[in-house]
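Here is the structure we will look at, set down as structure tokens.
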There are 2 protein chains.
Amino acid sequence: MNPLKAKFERYVALEQAEHDLLDHLVRTDARVVPAGSDLIREGEGIHFVKLVLDGWGCRYKLLEDGRRQIVAFLLPGDLCNPDALAVGEMDHSIGAINELHCALIQPELFDQACIESHRLRQAMAYDAGAMLGMQREWTLNLAARPAFGRIAHMLCELHYRLAAIGLAVDGSFFAPITQITLAEATGLTPVHVNRVVQDLRGRGLLSWRGRQITLHDPTRLALLSGFSPRYLHLPRFALGATPASQQLPA
Amino acid sequence: MNPLKAKFERYVALEQAEHDLLDHLVRTDARVVPAGSDLIREGEGIHFVKLVLDGWGCRYKLLEDGRRQIVAFLLPGDLCNPDALAVGEMDHSIGAINELHCALIQPELFDQACIESHRLRQAMAYDAGAMLGMQREWTLNLAARPAFGRIAHMLCELHYRLAAIGLAVDGSFFAPITQITLAEATGLTPVHVNRVVQDLRGRGLLSWRGRQITLHDPTRLALLSGFSPRYLHLPRFALGATPASQQLPA
DNA sequence: CGAGAGTTTGAGTTGAATCAATTCGCGTGG
DNA sequence: CCACGCGAATTGATTCAACTCAAACTCTCG
């Protein structure tokens with residue numbers, strides 16, 4: 001399957017020509033990136049539009065003191081560099097969390113697709129808007145919520161995004177992250193993340209065994225953390241909505 | 001002057017036709033928004049691409065407990081809704097900090113301009129990339145830096161952005177914000193912001209009298225706060241660079 | 001079965017918040 | 001021209017959420 005096509009179809013109705021275009025883009029070239037290594041590093045020139053096909057990635061920056069701060073998660077269907085042509089060099093790094101399969105698209109081809117299809121251009125713009133919305137919400141989340149809300153909110157977001165691409169069922173999803181990863185993403189220490197996770201477990205809101213995470217009551221979790229999915233710009237779930245979508249707060 | 005044209009010219013070289021296009025866009029309609037009121041509120045439909053001509057604005061969200069978190073500052077030349085056509089409704093609000101003059105552009109006209117000029121499209125993409133880069137850095141800044149670095153970093157960013165549009169000279173600039181505004185932007189309490197500001201003053205790094213802010217040693221402030229301007233995507237200062245740009249860290 | 005990464009626990013510390021006044025700056029009206 | 005009033009800035013005392021440090025425990029995998 002082509003996760004980019006799947007995503008764009010949630011935004012706009014695509015015609016055959018656009019299906020072909022997107023399939024062509026994704027078929028160009030691909031690569032497997034081992035868990036823990038980087039797709040691209042801060043300062044490097046940008047030579048490809050990269051698309052996550054499978055696995056999780058993260059955008060991150062390194063701080064002066066060596067810590068790293070994760071500023072976004074990349075899930076299947078997410079574009080790393082939609083602005084490859086315009087922007088010269090990376091202002092952040094992108095790492096693979098688990099083994100990550102990604103498609104490498106020629107920036108020129110990508111650009112051409114936007115020129116050829118007005119609808120694709122619109123889908124791109126929509127996607128860019130969603131990315132910005134997400135980044136703003138992360139800013140808010142990390143700046144203004146206490147540890148509990150911060151973690152709960154992030155779990156809600158992950159759940160919601162994964163449900164939208166069919167990777168979460170009944171509040172349960174595979175997540176290749178550790179509590180340490182979550183700490184890097186929330187700006188907390190692993191120790192404190194652990195205490196909050198135990199709190200969530202104690203309240204019967206969360207199971208987290210190995211790489212499997214289950215939210216037992218997504219609605220309540222959303223309420224507790226102030227999570228409201230508007231900023232994700234997932235206008236409505238597609239017809240083939242997963243059962244899990246029924247539990248998601250409106 | 002047309003601040004959007006000025007900005008785009010820092011990105012790409014524009015030809016006469018593009019000058020005319022941009023002037024046409026901005027001349028369409030305009031509005032004055034009183035200090036403290038909103039240009040647009042979360043949840044509202046988007047009917048215009050709005051451009052800040054003069055004055056400061058801020059993107060913000062309200063939290064459950066009534067606090068508000070500012071997630072971005074909008075300065076002259078900044079677009080509020082470049083994605084108006086694609087995105088249905090606002091996922092955040094935009095407020096005027098001081099009296100703000102903005103141009104209202106028909107989304108269709110705006111879109112048309114991107115179709116007619118490849119260069120404008122590129123400039124748009126570049127600008128979107130810069131906005132995303134800025135938002136990521138805010139995420140990092142608020143998540144990972146202690147109060148001192150957080151505030152210093154934000155002052156550096158403001159200084160740098162203002163210098164780029166000729167509104168900062170010798171580290172000094174007009175800023176229509178209060179310590180309370182800065183607190184809402186940094187996710188700190190006004191009381192704590194005040195203590196940090198006094199610290200900065202005490203170290204001879206900052207003067208802040210009324211609405212006038214002066215950074216006495218931008219380079220050192222950048223060093224102390226881990227500020228590096230790469231994420232702002234201001235490739236180089238234009239030929240008519242202000243003297244102040246000489247003091248900016250590379 | 002050992003090793004290493006990840007998770008858990010506990011004790012002590014601290015940066016920032018909270019609460020509560022007080023002071024300053026300035027625009028307005030008497 | 002001065003007194004008032006209000007928003008902003010400042011100060012001090014106290015509390016608390018999250019960090020630090022340090023150790024032990026538990027997986028999982030070679």
Side-chain angles (χ1 to χ4, degrees), chain A residues 34-37 56 63 65-70 95 97-99 141-155 174-202 206-213 224-225, chain B residues 34-37 63-70 95 97-99 141-155 174-202 206-213 224-225:
Chain A
S37 65
W56 288 31
L63 291 156
D65 59 14
R67 272 179 309 152
R68 80 166 181 175
Q69 176 69 41
I70 293 175
I97 293 182
N98 55 350
E99 186 178 274
N141 192 36
L142 303 197
R145 280 195 252 267
F148 182 91
R150 217 183 279 189
I151 289 173
H153 190 281
M154 199 159 286
L155 291 173
F174 170 83
I177 60 171
T178 65
Q179 293 183 7
I180 296 171
T181 318
L182 192 52
E184 289 173 327
T186 51
L188 301 165
T189 54
V191 171
H192 200 59
V193 166
N194 180 263
R195 299 198 223 263
V196 171
V197 164
Q198 288 181 57
D199 183 12
L200 283 162
R201 283 205 270 247
L206 172 73
S207 292
W208 185 348
R209 318 188 60 68
R211 305 284 90 117
Q212 196 68 25
I213 291 178
L224 285 172
S225 65
Chain B
S37 66
L63 291 156
E64 309 76 57
D65 59 14
R67 272 179 311 152
R68 81 166 179 174
Q69 176 68 41
I70 294 175
I97 293 182
N98 56 350
E99 186 178 276
N141 192 34
L142 303 197
R145 280 194 253 268
F148 181 91
R150 218 183 279 191
I151 290 173
H153 189 279
M154 199 159 286
L155 291 173
F174 170 82
I177 60 172
T178 65
Q179 292 183 7
I180 296 172
T181 318
L182 192 52
E184 291 173 326
T186 51
L188 300 165
T189 55
V191 171
H192 201 60
V193 166
N194 180 263
R195 297 199 225 264
V196 172
V197 164
Q198 289 180 58
D199 183 13
L200 283 162
R201 282 204 271 249
L206 171 73
S207 291
W208 184 349
R209 318 188 58 71
R211 304 285 90 117
Q212 197 67 25
I213 291 179
L224 284 172
S225 64

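Because the structure is predicted, anything quoted here is derived from the model rather than measured.
Here the P atom of nucleotide C:dT18 and the CG atom of B:Leu188 are 11 Å apart, to the nearest Å. Summarising the geometry, the separation between CG on A:Leu182 and P on D:dA18 is reported as 14 Å, rounded to the nearest angstrom. Atom CG in B:Asp199 sits about 17 Å away from atom P in D:dA9, given to the nearest Å. Taking atom NE2 on B:His192 and atom P on C:dA20, their separation rounds to 20 Å, with Å as the unit.
A search for side chain to side chain contact (heavy atoms under 4.5 Å, CB included) contacts involving B:Pro190 returns B:Ile180, B:Ala183, not counting sequence neighbours. Residues passing the side chain to side chain contact (heavy atoms under 4.5 Å, CB included) test with B:Ser225, sequence neighbours excluded: B:Ala152, B:His153, B:Cys156, B:Phe227. With sequence neighbours excluded, no residue forms a salt bridge (charged side-chain N to carboxylate O under 4.0 Å, His left out) with A:Arg211. Here A:Thr181 pairs with A:Thr178 under the side chain to side chain donor-acceptor pair (under 3.5 Å) rule; sequence neighbours left out. Among residues two or more places apart in sequence or in another chain, the side chain to side chain donor-acceptor pair (under 3.5 Å) test is passed with B:Asn194 by B:Gln179, B:Gln198. Residues meeting the salt bridge (charged side-chain N to carboxylate O under 4.0 Å, His left out) test with A:Arg68, sequence neighbours left out: A:Glu184. With sequence neighbours excluded, the residues forming a salt bridge (charged side-chain N to carboxylate O under 4.0 Å, His left out) with B:Glu64 are A:Arg145, listed by chain and number. Qualifying salt bridge (charged side-chain N to carboxylate O under 4.0 Å, His left out) partners for A:Arg67, counting only residues two or more places apart in sequence or in other chains: A:Asp65.
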Short N/O separations, protein against nucleotides 5-7 of chain D, under 3.5 angstrom:
none

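One finds no side-chain N or O of B:Asn194 lying less than 4.0 angstrom from the OP1 or OP2 phosphate oxygen of D:dA9. In terms of phosphate contacts, A:Thr189 brings no side-chain nitrogen or oxygen within less than 4.0 Å of OP1 or OP2 of D:dA18.
Contacts between residues 142-154 of chain A and DNA chain C, defined by a heavy-atom separation under 4.0 Å, are absent.
If you check every strand for non-hydrogen atoms under 4.0 Å, B:Arg201 touches sugar and phosphate atoms only. Residue contacts shown for B:Gly187 are limited to sugar-phosphate atoms, with no base heavy atom under 4.0 Å away.
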Next on the checklist: For a quick check, with a 4.0 angstrom heavy-atom cut-off, what is the B/S/- contact string for nucleotides 22-30 of chain D, read 5' to 3'?
Outcome noted: ---------
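Where the helix from C:dC1-D:dG30 to C:dG30-D:dC1 starts and where it ends, the local axes point in directions that differ by 40°; five pairs per end, rounded to 10°.
Residue B:Gln179 is the one, among B:Arg195 and B:Gln179, whose nearest nucleotide of DNA chain D lies closer to the 5' end (criterion: closest heavy atom).
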